[in-house]
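Throughout, protein chains are lettered first and strands after them, A, B, ... in sequence-line order, and every chain is numbered starting at 1.
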Amino acid sequence: MQNDLGGEPPRAERPEEPSRVDGSRRGALKVLVALGGAAYAGAIVVPAVTMLAPSSEGGAGAARWMRVCRLAELTEGEPRRVVVVGDERDAYTVTKDQLLGSIWVTKKGESVTALSAVCPHLGCSIDLNGDKKSFSCPCHTSKFSLAGAAEAGPSPRGMDPLVVRVVDGHVEVDFKLFRQGIAERKEVG
Amino acid sequence: MKLGDWLDERTGYRAISRKFVEATVPGGARFAYAWGAALGIVLLLEAVTGVLLMTVYSPSATTAWASVAYLQQKVPGGWIVRGLHQFGAQAAIVLAVIHVGYAIARGAYRKPRELTYWLSLAMVGLVVVTALTGNPLRWDQRGFWGLRVETGIIGTVPVVGGVLQQLLLGGGTPGHMTLSRLYTLHTVVLPFLLGAIAAKHLWLSRKHGPALATPADAVKSDRYFPTQAARDVIVAVAVLGVIGALTWMRHGAPLDAPADPTSDYPARPEWYFLALYEMRKPFPGKLELIATVVIPGLVAGYLVLLPLLDKKADRGVMKRLPLLAPVGLFGVAAGVLTFASMRTDAADAEFGKAVAKAEAQGTKALALAQEGVPPEGALAMLRNHPETRRVALFEQHCASCHRMGDLGPPKDKDTAPDLTGFGTKAWAKRVMEEPDHDAMFGKTAFKGEMPSMTKPPADPEAAKAFTAMAPADLDAIADFLAVQAQGKKGEGLPGEKLVSQRCTSCHRFDGKTDDEDSLAPELRGWASVPWILAQIDDPGSGATYPKGAMDPKLEGHMPAFKDKLSEKDRALLAKFVQEQAGK
């Protein structure tokens, strides 16, 4: 290495055992490093957890009565698939008149019952069987009675019932989505 | 001073490249060692194509599908990059499994290579997880429903499942946040993890060298470059050939219709998960966790523990057979289950129909996207397009009573006239011949109101006085009505005179009728678009039927849609009914 033209000066030999710092000062510096490190870690981890933790904003508790069909359109005892149309809120956008989901409504005399068409197993879309005597899910062959009770297959619970009311000859439903794959019926936003 | 010297003084690159060139392969170069290298090269391909995709892709529920369709259709070479990326990902899974499988067969997991082996297992897992987070990004039906099911399975895992599922989805249901999170995982978190593990794995495998097949191999040795490097490149290029061929054949990668949470889609996992999919079938209800968590956990656990179980001095395959047998069994079982799953679906006609429907929807969506996707997103584009929307409108508002072609209630469940061919000569003729047929007015309140022109009435007294209409006259009237339905006046046609002579005793014609109390509809402009529209708007308005005949308040009559549907939707329906008649 030629250093005579203003190159790098030779470096000091690597010191032996570091001895510039005595015991107590060494301990204090260790604490300092740990505290500084913790400050940084905390400054990142705390907001990160806060930010990433799922929120249920706009979810549970909100009234979501939706008009889905006319009572007169229903055939006695025969489930009919109707779509639920409403404003869809997804994080930062709201879209008017979106298809929010589909449900099965059945008229029994004067009363109407509604079942979510979302399979409680893993969320596929439940179909009415050809003989109109039961429901089934095409994905994992869960079978349900017309009343929505789980009869066969992997579904951990029956179809999710929705609250219905009839207003001026129109069927209205309190539209909700539920968590899938668990025996409990838990609403999601 | 030369540039090379200048650079070497500052970086020491010559020593590094010499180390690479002069590296040796103890035991000699082999094609069998090339799988790992080919995997490394494919992962590089994934990184490069991935960065290119990032320049076009836009992760939100309204833009994701549209940006991928744009990439596929409009961006020059976009489909090639996308195809290489998608099929490269599948190739990476195959290569990772071959690489680890070979290591297990050779006993390359034994001391001192346990860590090298464990890192390779972690890489297989990460490669699969990266593929899984990549699939839903295109936000098409397949990706979306796959995600729903996968996160659903995650949600069933005891204790952590629920939180993990919500973390992945970024809330309760899949949407914008889901895409942002999957995108972050797929493009930043997982690639960095994978890269770091791959680097450590490579470093360790260099340190220990290949596990020699026989003691005799110890005397052999090759230079890595070019002896082994050539083998690596040959395998890697062959793999690239397969990836390229698949890309060419599929014109990029498949893209279904935009994700639609309200649709019924025949959801199936990607081929590399079919075995797991098939496996859960015999485990109903609560037992499903056995298939989704317990068995995969046990298999993974066995593979992880393998180096600790295998302590014999001999590394020969025969000597390790009892330990290797379960691994072979996993492989065979995976193959059999995958095959069984494919065969079940291939034999299922219903499933085939659903797949064909989904494919048709995808083709239509891509055709629409050619004209650009509105800011509301691809799903809104598909739903609001007249072609799709009018079918949906008919299904939603008309099909509970009327049948029309494939649409409508099953036979015998319809309560209103069959609109198939409504406005054609055949329809007009039929209603004159057998008005009380179930497909005509037989199931409506008008049953018995209109006499047949060709068949004598049931009442014997009236039958005596009955004379059937001459076939030529019947034809002329039907011809005239069919012309009306086309929206033409048809003035001067022989049928016009016949109608005014023979039909106006009950029917209105230009608003005039002999019997003001009759319930029969207006025949001028019958079944034309304005006539149908007036009927949809309000059957009780008097424009189509006399005011008292079709009051929507009357039991069993057609409702008025004026306040229920927008003007645009009503016009769409009227045109649809009229157009379908001509088919």
| request: Could you check which of B:Arg383, B:His397, B:Lys281 has the highest count of heavy-atom pairs closer than 4.5 Å to chain A? | output: B:Arg383

| field | Between OG1 on residue B:Thr156 and CD1 on residue A:Ile182, distance to nearest 0.5 Å | value | 9.5 Å

| Approximate separation, where rounding is to 0.5 Å, of B:Met177 CE and A:Asp90 CG | 7.5 Å

| Taking atom types as modelled and ignoring hydrogens, do the side chains of A:His140 and B:Glu288 form a donor-acceptor contact shorter than 3.5 angstrom? | no

| query | Which region of A:Arg70, side chain (C-beta onward) or backbone (N, CA, C, O), has a non-hydrogen atom less than 4.5 Å from a non-hydrogen atom of chain B, or is it both or neither? | reply | side chain

| chain A contact via B:Thr62 - side chain, backbone, both or neither, heavy atoms under 4.5 Å | neither

| field | Gap separating the CG atom of A:Leu122 from the OG1 atom of B:Thr151, nearest 0.5 angstrom | value | 8.5 Å

| Aromatic rings B:His176 and A:Tyr92: how do their planes relate, parallel, tilted or perpendicular, breaks at 30° and 60°? | parallel

| A:Thr141 portion near chain B, given a 4.5 angstrom heavy-atom threshold | neither

| task | Name the option with the most non-hydrogen atom pairs under 4.5 Å to chain B; the candidates are A:Arg80, A:Arg67, A:Lys186. | result | A:Arg80

| request: Could you tell me which portion of A:Val118 (side chain, backbone, both or neither) has an atom closer than 4.5 angstrom to a non-hydrogen atom of chain B? | output: side chain

| request: Working to the nearest 0.5 Å, report the span between CZ of B:Arg181 and CG of A:Leu52. | output: 5.0 Å

| Which portion of B:Tyr277 sits near chain A, non-hydrogen atoms under 4.5 angstrom | side chain

| message | Counting neighbours of NZ on B:Lys357 that are heavy atoms of other residues, nucleotides or ligands and sit closer than 6.0 Å, is the number greater than 12? | response | no

| Counting only heavy atoms not in B:Glu350, do more than 12 sit closer than 6.0 Å to its CD atom? | no

| task | Mark yes when over 12 heavy atoms from residues, nucleotides or ligands other than A:Glu76 sit less than 6.0 Å from its CD; otherwise mark no. | result | yes

| field | Value rounded to 0.5 Å, distance of SG in A:Cys139 from CH2 in B:Trp145 | value | 7.5 Å

| query | Which heavy atom in B:Val149 sits nearest to a heavy atom in A:Cys124, and how many Å separate them? | reply | CG2-SG, 4.2 Å

| message | Could you measure the distance from the CZ atom of A:Arg81 to the CD atom of B:Glu395? Nearest 0.5 Å is fine. | response | 10.5 Å

| field | Top contributor to chain B interface from A:Ala117, A:Ala152, A:Gly153 [non-hydrogen pairs under 4.5 Å] | value | A:Gly153

| field | Interchain contact, A:Arg157 with chain B, by part (heavy-atom threshold 4.5 Å) | value | neither

| task | Check whether B:Ile153 gets within reach of chain A through its side chain, its backbone, both or neither, counting any heavy atom under 4.5 Å. | result | both

| note | Bottom line for A:Leu74: the part with an atom under 4.5 Å from chain B's heavy atoms is neither

